[in-house]
Amino acid sequence: MNMIEVKNIKKYFRKKGTFFRTKSEPVKAVDDVSFTVQKGRTFGLVGESECGKSTLAKILVGILTPDSGLVSIQGDKDIVFQDPYNSLNPRMTAREIVGESLFVRKAEKKEIEKRCRKIFEMVNLDYFLCKDKYSYQFSGGECQRIAIARALIRNPDVLVLDEPVSSLDVSIQAGILNLLKDLQESLGITYVFISHDLRIVEFMAETVGVMLKGRFVEIAPKDEIYSSPKHPYTKTLLTAIPNK
Amino acid sequence: MKKIYIGAAIIMVIAISAIFAPAIADYSPLEMDLSPRTILQKPSMEHFFGTDNLGRDVFSRMLYGARVSLSVGFIAVIISLIIGVLLGGLSGYFGGWVDAVIMRVVEVMYSFPTFFLIMMVVTFLGPSIVNVMVVIGLTSWAGLCRLVRAEFLTLRERDFVHCAQVEGVSNLRVMYRHILPNAMAPIYVSVTLSVGSAILIESALSFLGLGVQMPEASWGNILTAGKNYIDYAWWLTLFPGLAILITVLSFNMLGDGLREVLDPKAERKK
Amino acid sequence: MDFNSEILKIKNLTIELDEKCVVKNADISLKSGRVTALVGESGSGKTLTALSILKLFPRTARVEGEMLFKGRDLFKLPAEDVRKIRGSGIAMVFQEPSTSMNPVSSVARQIGESIRAHQKKTKKETNLRILKLLNMVKLSERVFSNYPHELSGGALQRVTLAMALACDPEVLILDEATTALDVSVQKEILELVVNIQNEKNLAILFITHDFSIVNMVAHNVCVMKNGVIVEKGTKEDVLHSPRHEYTRKLIACVPKFGETRKRLPVSDYSNCL
């Protein structure tokens, strides 16, 4: 069943005209994008900087609204961003951050506590050591785990991950990628995994979409993309991987 | 760091003197003694700061005047704080027409010569300490509003705010629980500096006869009496002048010190 | 300098910062015409080691050891002599091109600054040299009068490379110089660096965390962990038969192209509190 259905979404940003210049062409951040993702699978989105992947991520979770087109997601969604320190409120403790979404839904204190403990365990963080600490007291990898815990505590059906490991050291990166895979297995979440790193996307996703200037130039199952890419841009990206 | 301590220490001293004025003062600030031996006396053991033209003890009047200055300072600033943070927050968070309207009001406030506005309003409403507090509060929120708006504008684009919004946290809660605590640094600084400014305004108003009315004591109106005797009774201008100077300076030092300590660059260092 | 002769030797470098030892007994040898890769994660001390070559460490740092450039110990030279070597003998390219350049100064001016700092040239000669450098880094002449904000990341990094090469240095340090660039651009810059090195017989110290870059450009490798060099050797030795556990872990934990593993080999979800 299709967990995520995206049909022809467009998002253009108009540059404000200045006094001396007439309004220039709008920036086509997302230009007619469509794709679907099945339940429990991972859709990998590959693109370089300024291709519109972050705008698309924000549209998927509702931070931005598309100018036209349709986004339909069956159930709850959440997002994990690239910068681990920026995703956590510097003035809230780890426990407050993770429990916030339950707190605003008027869950009971005991229930929140219980679920926090469980989710901390799932992301392999010691609850009692971490719960009262602030983001600056954690490492990048730990912050990202807290961000993942925050996103998953409500058991969303869909998780959008925008370059979740790009700011992390490779050894930490590996731990987070493994964690994400494990969580998908045990919780059955559908992922949209965005990265500029083809190797990581290949590792995580079943279907891959290659994005350039706001459009998908190619969407195909992983094996096809990597063994027989059709679009020239995909080929460029593949050959650019240092010594694949 | 030192600035904060020095500023805070002086303010504490003044605040304590103000609170315990009745206990410290030897004379009532209103007690007149028109005998020629008592009026316009130089500072002495009996009258630490001398007496004024109506034989009142200046030191006692200064202590009670401190009450006026500090209470006006705090209350006026609290009023402008509430308005400034509220409007600045709404403006920065929502943008759009809310921002446009509020910013136009701010611009109007900025283009008014505030002091004259205050003078007019106080004359219209009648001079009293309460009127002074309220009017200063109602006319000095614009700067804070802009500061808060700027903070909210940047903070609302931060990832952690987006995360909260995605999770269904209400706008109101995002503003006060997620954004506001991170916007406090410039607010602390602005508030401390504003207290000094409010005290100056009150002193000026009282000096002109538009603030605290005689026979009540205010540093400003001690100066009013003093201006006629400058060449002879120097103590009537020196002490209130110094008091205003030192108080405002201490608040400025506190604010400046806070600004250095709360510098975001320092915050980011682990 | 002859090919493969040692031109820079970092000997027993120890750096202490804030009471902590951040680099300990580092020994690195740079040879002309060879790329030495310095690999490590964040906090390994690799950037500080590179900065110390040009004596650019923070003032509060306590530094011990020797920095031998063509036989002379840079740590013992007076400041003015070190300044002369910066740029003309040893040059550096940093990770973020947009912050390496002055946003209000044109490309020509900034490259020219590097030239004027070390060589006496007339304006005409300087301009000719700038054009030649732009050519060397494969940028069109139009870039001459551009400002940094008008150029893409890749173009900017080429400009910083031109600035570094302006005075014909013998040693070039690249600190994660391609990390902030898009993958496609990264490859071009790496190829450019290799070409220039072959032409000019430069000794290059390439700092990176990415082993695939190491594989592409390096001849020798040093692996650094927590301030200590844990493994050193030729690229083939280190990549194909790594001896130290940390090196093995670093190589293994990156997903490879054509990856068949379902899990990446990390013993646990490292860094639990």
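Order of the sequence lines fixes the chain letters, A, B, ..., with proteins taken first and strands second; residue numbering starts at 1 for each chain.
- The local environment of CZ in A:Phe13 is crowded, with over 12 non-hydrogen atoms from other residues, nucleotides or ligands closer than 6.0 Å.
- In this structure A:Tyr127 satisfies the ring pair (Phe, Tyr, Trp, His ring centres under 6.0 Å) test together with A:Phe120, sequence neighbours excluded.
- Close approach to chain B, defined as a heavy atom under 4.5 Å from one of its heavy atoms, is seen in A:Glu96, A:Glu100, A:Ser101, A:Phe103, A:Val104, A:Arg105 of residues 96-114 of chain A, taken by number.
- With a threshold of 4.5 angstrom between heavy atoms, A:Arg154 approaches chain B through side-chain atoms but not through N, CA, C or O.
- Looking only at heavy-atom pairs under 4.5 Å with chain B, the residue among A:Gln82, A:Lys77, A:Met92 that has the most is A:Met92.
- Put simply, of A:Ile79, A:Asp76, A:Asp78, the one with the most heavy-atom pairs under 4.5 Å next to chain B is A:Asp78.
- A 6.0 Å sphere centred on NZ of A:Lys181 holds more than 12 heavy atoms belonging to other residues, nucleotides or ligands.
- The neighbour count for B:Phe112 CZ, taken as heavy atoms of other residues, nucleotides or ligands under 6.0 Å away, does not exceed 12.
- Identified by a heavy-atom distance below 4.5 Å to chain B, the contributing residues of residues 45-69 of chain A are A:Lys58, A:Val61, A:Ile63, in residue-number order.
- With a 6.0 Å radius and a threshold of 12 heavy atoms from other residues, nucleotides or ligands, A:Glu121 has its CD atom at or below the threshold.
- The minimum heavy-atom distance linking A:Arg91 with B:Asn182 is given by the pair CG-OD1, 3.1 Å.
- Residues of residues 157-167 of chain B lying under 4.5 angstrom from chain A, judged on non-hydrogen atoms, are B:Arg158, B:Asp159, B:Phe160, B:His162, B:Cys163, B:Val166, B:Glu167 by number.
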